[in-house]
Amino acid sequence: MKILVCISKVPDTTSRINFVDNNTKFDENGVQYIVNPYDEWYALVRALELVEASGGTVTTITVGTSKDDPTIRKALAIGANDAVRIDADPTDSFFVAKQISEYAKNENFDIVMTGKETINYNGAQIGGMLAELLDMPFVSLANKLDVNSTQATLQRDVQGGIEVVEVDFPFVLSASKGMAEQRIPNMRGIMAARTKPLNVIPPTDHNKLTSVVKFELPPSKTGCKYLDSESMDELVELLHNETKVI
Amino acid sequence: MSVLVFVEIKNKLRKAAKEAITYGKNLGEVNVVTYGNASNEVLSEMGNYGAKNILVYRKINEPNDQVISKLIFKVAEKLNSEFILLSQDQTGKSIGPRVAAKLEAGHVSGAISLPEVSDDFIVKTNVYSGKAIAYVCIHSDKKVISILPNSIQPVEYKVDPIISEFKEDLGNGRIKIVDLKQLGDGIPLPEAELVVSAGRGLKGPENWGIVEDLAKSLGATTACSRPVADIGWRPHHEHVGQTGVAIRPNLYIAAGISGAIQHLAGVNGSKVIVVINTDPEAPFFKAADYGVVGDAFEVLPKLTVAINNFKASQR
Ligand SMILES: Cc1cc2nc3c(=O)[nH]c(=O)nc-3n(C[C@H](O)[C@H](O)[C@H](O)COP(=O)(O)OP(=O)(O)OC[C@H]3O[C@@H](n4cnc5c(N)ncnc54)[C@H](O)[C@@H]3O)c2cc1C
């Protein structure tokens, strides 16, 4: 089986988020980057489990600059066979999906995986766009994946419920919590990652359809009003009259 | 300007659908496309929010993304729709990007307000898992926008809707649905206006009765912190935060949750936050509107009684 896993780098979850240049650019000062948790913990690890059980290869793909290489090496250390980086600054979701689809369309992957969303842009767009561009079915928000020789069975979150679906290869999925357990790379994996192939390929030309014009931090709370545990009637009164939420 | 709103109806019209129609009404005349076997009575309820033309595809009952995307695409093409609007729920997440890619339309997922329109068309959305807001400019003529539930209020605007059926056969998608477990009739977490959440401070799954009692009195949905879902005290779909569900209810009550940065990321869009914690130094108090330094085992039942008294006095 041939699996492609889309990997992106995101600020570590403990990062303080700030902006520079008139709030138009993310402040990278002191920020540590990690592999997007949904890409790493769930998509990549499940892909590795599947090829360990029944053979095949796992390739990762990233649209990014050389700044992404450390996170790509991390994915290789966890166990991916090789990596592709499309050498471009990812401008918007459509641009990224288009780049990946241009690469993937001739490679005969059985499964193309993304995380359910990145924790920086939270767009949850790449998987669905890829599916459309590659004319494949899209199983979004999958939290369980099993395969046999011709098809896969997946469980996923749908509106108001949990659905079990079957789909023939090839298809695209977005992975959410539950699909696998996080793996910590060992020393051997880290050593091996240094010599695994990371193929850098040029981007193709595409328009961008959206751009971020500025960022803003959410309004901060003005201060907490403390109440005694004996004053719950007062709390209810405040929720009703002061903030009017009940 | 032609606006096409995709709405998913199970039994009744959800608030998220009313929000999407209201959003559309602000942009132009609203056409709605939906699927399934909703009664005409439920369909025409959308007219109360300004839905003028309602097109329903009755050949499928399940949220099959390929078929629904094709449906939206065909209708959008016929009406030459400039705007395609959806709710940012599970269905919206699987369909919005597909439709956007097909139309080569700029897509903003999770819009939190109406657009700002001048020379540019700008939509606000949460980024960095709620730690920041981005102003996104859509450059393309066609625009696909999915709206984060609870971000705008539905506004009544009565029109007489025209309901018709989409007759063409769109075939089957390649995904076969073999089982569907409904999670019950409760309000799904992302749409809930009132949420009661608890963390490791509750000490064990056997103690969740007091959380559920309060939720029931309020008519709230329950949620939890990540470790609580990871150790299996509560189901995964209740896990809120940066790596769980992001929510923005009117009221978020958090008991026995420390308020780690990853937890706050998913809940700090809540309008009002009440924190109950034994530790006066718990970081969550910095993000709270109201705080009770105390034992959840004592405070939650007292709050439930107070809510019940309040509800009784309102009758
Ligand atoms: C990459 C990454 C992603 C993460 N994503 C998420 C996420 O999405 N969501 C999330 O929630 N966490 C997430 N976390 C975990 C997060 O860092 C915290 O560990 C977690 O939120 C803590 O959960 P908690 O508050 O329930 O438990 P604890 O931190 O153990 O806090 C328990 C709290 O309960 C209080 N308490 C104890 N007894 C009582 C009592 N009787 N009454 C009242 N209060 C009491 C304590 O004072 C304490 O403040 C993530 C972590 C990482 C590294």
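Sequence lines set the chain letters: A, B, ... in the order given, protein chains first and strands last, and positions in each chain run from 1.
Using a 4.5 Å cut-off between heavy atoms, Ser15(A) contacts chain B through its backbone alone, with no side-chain atom that close. Of the atoms belonging to Ala246(B), not a single heavy atom falls under 4.5 Å from chain A. With a 4.5 angstrom heavy-atom cutoff, Ile119(A) touches chain B via backbone and side-chain atoms both. Using a 4.5 Å cut-off between heavy atoms, Glu234(A) makes no contact with chain B at all. Both the backbone and the side chain of Gln182(B) have a heavy atom closer than 4.5 Å to some heavy atom of chain A.
With Gln159(A) as the partner, the side chain to side chain donor-acceptor pair (under 3.5 Å) test is satisfied by one option alone out of Glu191(B), Lys10(B), Glu8(B): Glu191(B). Exactly one residue among Leu303(B), Leu218(B), Leu251(B) makes a side chain to side chain contact (heavy atoms under 4.5 Å, CB included) with Leu239(A). That residue is Leu251(B).
Here the closest heavy-atom approach between residue Val213(A) and residue Cys137(B) is recorded as CG1-CB, 3.8 Å.
Atom OG of Ser176(A) is separated from atom NE2 of His239(B) by 11.0 Å, given to the nearest 0.5 angstrom. Expressed to the nearest 0.5 Å, how far NE2 of His139(B) lies from CG of Asp92(A) amounts to 7.5 Å. Here the NZ-CD distance, from Lys176(B) to Gln151(A), works out to 7.0 Å after rounding to the nearest 0.5 Å.
Within residues 285-294 of chain B, the residues having any heavy atom less than 4.5 Å from a heavy atom of chain A are, in residue-number order, Phe285(B), Lys286(B), Ala287(B), Ala288(B), Asp289(B), Tyr290(B), Gly291(B), Val292(B), Val293(B). Near-neighbour residues of residues 24-36 of chain A relative to chain B, defined by a heavy atom under 4.5 Å from a heavy atom of that chain, comprise Phe26(A).
Of the listed residues (Val10(A), Asp168(A), Leu217(A), Ile246(A)), the one with the most heavy-atom contacts under 4.5 Å to chain B is Ile246(A). Looking only at heavy-atom pairs under 4.5 Å with chain B, the residue among Gly223(A), Gly123(A), Cys224(A), Ser229(A) that has the most is Cys224(A). Interface remark: of the candidates Val164(A), Leu235(A), Leu133(A), Val164(A) forms the most heavy-atom pairs closer than 4.5 Å to chain B.
Looking at residues two or more places apart in sequence or on another chain, you find a salt bridge (Lys or Arg N to Asp or Glu O under 4.0 Å) between Arg226(B) and Asp230(B). By the salt bridge (Lys or Arg N to Asp or Glu O under 4.0 Å) test, Arg248(B) pairs with no residue at all, sequence neighbours left out.
Between Asp228(A) and Lys302(B), none of the side-chain N atoms (NZ, or NE/NH1/NH2) sits under 4.0 Å from a carboxylate O, so this pair counts as no salt bridge.
Side-chain atoms of Tyr38(A) come within 3.5 Å of backbone N or O of Thr243(B) as a donor-acceptor pair.
Atom NZ of Lys2(A) is surrounded by more than 12 heavy atoms from other residues, nucleotides or ligands within 6.0 Å.
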